Amino acid sequence: MPPSTTVVLVHGNHGAAQDYQLWKEIVTSVIPDCTVVTPRCNERLKTHDGLLTLASRLVEELKTELCTEGEEVATTKPALVLVGHSLGGLILRAALPSLVSSLSGKYSFCSLITMATPHLGSRRPGGTQTKTMVSRIAKTTWKTLVHTVVGSLYGQTGKQLLLTDKESVVGSLYSGEYMSALSCVRNVTFVAASHCDTVVPCASAAAIRDTQIQLPTLTKQQNEKTPTTTSANNNNKEEDTEQAPTAQPNTNNKEKVTETKKAPFMVVAQSGFGDEYCSCYSHVSTKDGNEHLSSLFSLCGTLQPSNNNNNNNTEEHPEKQGQYSVDTAVEVEYPEEMLEALDNLSNLRRLLVYFDEPIRLMTHDAFLHKGLPHFLLGNKTAKENYIKFMCSLINTDLEIMRREEEEANNKT
């Protein structure tokens with residue numbers, strides 16, 4: 001009999017199956033009766049060939065790999081969990097209609113998880129919406145650099161990420177069969193780095209407009225006992241000395257600042273997770289070597305639904321830059337229709353996480369643990385804790401799905 005759960009791990013731009021080695025080790029040890037598939041059809045420079053071509057290759061490989069496994073299933077269908085990092089998330093979304101069509105009879109589509117995926121594309125706004133001349137020059141220069149590199153070095157895929165291709169492939173993922181396929185997956189989770197991901201900023205990875213996210217921290221006392229709840233949208237600012245201070249540089253309480261411990265990995269904010277996920281715990285390790293268990297809801301705040309609602313307040317929601325809208329942190333420009341399409345997706349969840357990487361440019365790869373030089377890898381324990389936490393979410397998804405399937409079978 002095949003395993004009860006199959007986890008597919010899809011790499012990102014210029015990536016390879018080996019990028020998921022740490023994930024594979026942890027997933028197989030934490031998720032019961034599980035097998036891991038790491039496709040190799042789009043490795044390295046093949047990722048330049050355009051999303052539809054990449055998706056077609058992935059579908060063919062997975063049909064060959066997974067249909068063989070599913071043929072012996074007689075009663076309960078095995079669960080399928082799809083995980084994509086960066087470009088891998090868009091490849092999975094582009095492949096999803098074909099995967100659902102060919103595999104839904106053999107597998108239950110439990111979860112689609114994307115990590116640091118450019119759901120809103122890779123366009124950068126210029127500096128017209130910033131207040132100072134220095135920031136305008138910096139934003140304009142950064143836009144020129146990113147658009148030049150992505151548009152000229154990443155082939156057809158680069159043009160699609162910049163939303164300049166005639167077919168508007170990324171835009172098409174928000175309509176028709178692609179949105180229908182997304183609704184066929186029980187749980188869709190967009191995971192983003194709340195801070196410092198210069199490759200795929202938070203707005204694009206989480207598909208949200210309001211990216212002024214407040215970073216929770218731990219005091220020495222809370223690290224040894226229990227953490228408190230901090231609001232991600234900065235609505236509740238209590239001055240109680242027992243509460244963890246927010247990550248704001250302006251403070252007069254030097255004693256409190258010296259006691260504050262910033263964890264190398266933290267869950268910052270979430271939306272769409274029910275109470276069943278309160279039991280999902282993460283090992284939070286601080287820089288002084290101490291560790292404690294942190295529940296999904298203990299430190300993080302809740303992303304408010306109003307983040308994606310139309311609002312006339314131009315301070316919260318910057319005006320459009322040409323045909324594109326811009327997030328509140330002025331890091332990404334995107335067609336407003338993308339966010340509007342996601343507003344109607346009831347199974348969508350968002351999760352913002354924080355990695356305290358020694359080199360900011362490495363934040364994008366903190367979701368994995370690639371074979372890089374040691375000084376570039378950052379805190380391996382933090383990455384292990386993140387992967388274990390994601391596995392706990394997957395296990396909860398699987399448990400809920402199996403329980404509901406069993407209840408449905410009992411009724412029939």
Side-chain angles (χ1 to χ4, degrees), residues 6-20 37-68 80-104 107 109 112-123 146-182 184-185 188 190 199-200 204-205 207 334-335 338 341 364-365 368 370:
T6 298
V7 179
V8 178
L9 303 174
V10 180
H11 62 76
N13 194 36
H14 297 161
Q18 66 187 33
D19 294 344
Y20 276 108
V37 177
T38 51
R40 297 179 177 274
C41 56
N42 292 318
E43 292 187 328
R44 306 306 181 192
L45 294 180
K46 290 181 180 180
T47 56
H48 293 185
D49 295 341
L51 281 172
L52 298 183
T53 300
L54 299 175
S56 178
R57 290 183 194 144
L58 179 64
V59 169
E60 291 306 312
E61 181 169 348
L62 291 183
K63 284 170 63 176
T64 302
E65 186 86 21
L66 301 182
C67 286
T68 303
L80 185 61
V81 177
L82 305 172
V83 180
H85 174 250
S86 192
L87 182 65
L90 287 182
I91 297 173
L92 279 171
R93 287 185 58 186
L96 199 56
S98 296
L99 292 176
V100 170
S101 175
S102 58
L103 299 177
S104 59
Y107 287 86
F109 282 72
L112 169 65
I113 299 172
T114 68
M115 306 178 296
T117 291
H119 291 289
L120 303 183
S122 297
R123 295 189 63 84
V146 171
H147 287 209
T148 300
V149 170
V150 174
S152 60
L153 299 184
Y154 292 172
Q156 183 62 24
T157 303
K159 296 180 176 61
Q160 293 170 355
L161 290 175
L162 293 177
L163 314 181
T164 57
D165 59 308
K166 294 181 180 179
E167 298 82 6
S168 187
V169 171
V170 174
S172 68
L173 299 181
Y174 292 86
S175 61
E177 61 177 348
Y178 297 103
M179 290 300 292
S180 298
L182 272 182
C184 293
V185 183
V188 177
F190 291 175
V199 179
V200 181
S204 190
Y334 55 89
M338 291 182 174
H364 184 68
D365 289 327
L368 310 174
K370 296 184 177 182

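Since this is a predicted model, take the numbers as computed values, not measurements.
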> With sequence neighbours left out, what residues match Arg44 under salt bridge (charged side-chain N to carboxylate O under 4.0 Å, His left out)?
Replying inline: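 If we apply the salt bridge (charged side-chain N to carboxylate O under 4.0 Å, His left out) test to Arg44, skipping adjacent residues, there are no hits.
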Closest approach of [X] to [Y] (non-hydrogen atoms, all atoms of both residues):
| X | Y | result |
| --- | --- | --- |
| Val146 | Ser122 | CG1-O, 3.9 Å |
| Tyr178 | Pro97 | CD2-CG, 3.5 Å |
| Val200 | Ser86 | CG2-OG, 4.4 Å |
| Ala17 | Pro39 | CB-O, 3.9 Å |
| Tyr20 | Leu368 | CE2-CD2, 3.5 Å |

Is there a donor-acceptor pair under 3.5 Å between the side chain of [X] and the backbone N or O of [Y]?
| X | Y | result |
| --- | --- | --- |
| Ser56 | Leu52 | no |
| Glu61 | Cys41 | yes |
| Tyr107 | Leu66 | yes |
| Arg123 | Leu162 | yes |

>> Please evaluate residues Phe190 and His119 with respect to the criterion ring pair (Phe, Tyr, Trp, His ring centres under 6.0 Å), reporting the C-alpha separation (whole Å), side-chain torsions for both, the decisive distance (0.1 Å), and the verdict.
In response: CA-CA 9 Å; Phe190 291 175; His119 291 289; 3.7 Å; yes
As an exercise, state the distance from [atom1] of [X] to [atom2] of [Y], rounded to the nearest 0.5 Å.
| X | Y | atom1 | atom2 | answer |
| --- | --- | --- | --- | --- |
| Leu58 | Leu96 | CG | CG | 10.5 Å |
| Arg93 | Leu173 | CZ | CG | 5.0 Å |
| Arg40 | Asn42 | CZ | CG | 12.5 Å |
| His147 | Ser152 | NE2 | OG | 12.0 Å |
| His48 | Leu54 | NE2 | CG | 10.0 Å |
| Thr164 | Lys159 | OG1 | NZ | 7.0 Å |

> Should the pair Lys46-Glu43 be classified as a salt bridge under the 4.0 Å nitrogen-to-oxygen rule?
Replying inline: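 No, Lys46 and Glu43 are not salt-bridged.
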> Of Ile113, Val81, Thr38, Val37, which is the lone residue that meets side-chain contact (heavy atoms from CB on, under 4.5 Å) with Val7?
Replying inline: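 It is Val81; the other options fail the test.
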> Of the options Leu92, Val8, Leu99, Val83, which is the one that meets Leu112 in a side-chain contact (heavy atoms from CB on, under 4.5 Å)?
Replying inline: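 Only one option passes, and that is Leu92.
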>> A side-chain contact here means heavy atoms from C-beta on lying under 4.5 Å apart; do Leu163 and Ser168 qualify?
In response: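 Leu163 vs Ser168: side chains apart.
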> So Leu182 and Tyr174, side chain to side chain contact (heavy atoms under 4.5 Å, CB included) or not? Walk me through it.
Replying inline: CA-CA 10 Å; Leu182 272 182; Tyr174 292 86; over 6 Å; no
>> What I want to check is whether the side chains of Asn13 and Thr47 have a donor and an acceptor closer together than 3.5 Å.
In response: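 Yes - a donor-acceptor pair under 3.5 Å links their side chains.
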> Any side-chain donor-acceptor pair under 3.5 Å between Thr117 and His85?
Replying inline: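 Their side chains do not contain a donor-acceptor pair, so the 3.5 Å distance test is not met.
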> In terms of ring plane angle, is the pair His14 and Tyr154 parallel, tilted or perpendicular, where the classes change at 30° and 60°?
Replying inline: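 His14 and Tyr154: perpendicular rings.
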> Which is it for Gln156 and Asp49 under the side chain to side chain contact (heavy atoms under 4.5 Å, CB included) test, yes or no, and what are the steps along the way?
Replying inline: CA-CA 6 Å; Gln156 183 62 24; Asp49 295 341; over 6 Å; no
>> side chain to side chain contact (heavy atoms under 4.5 Å, CB included), that's the test. Do Ser204 and Tyr334 meet it? Break it down for me.
In response: CA-CA 8 Å; Ser204 190; Tyr334 55 89; over 6 Å; no
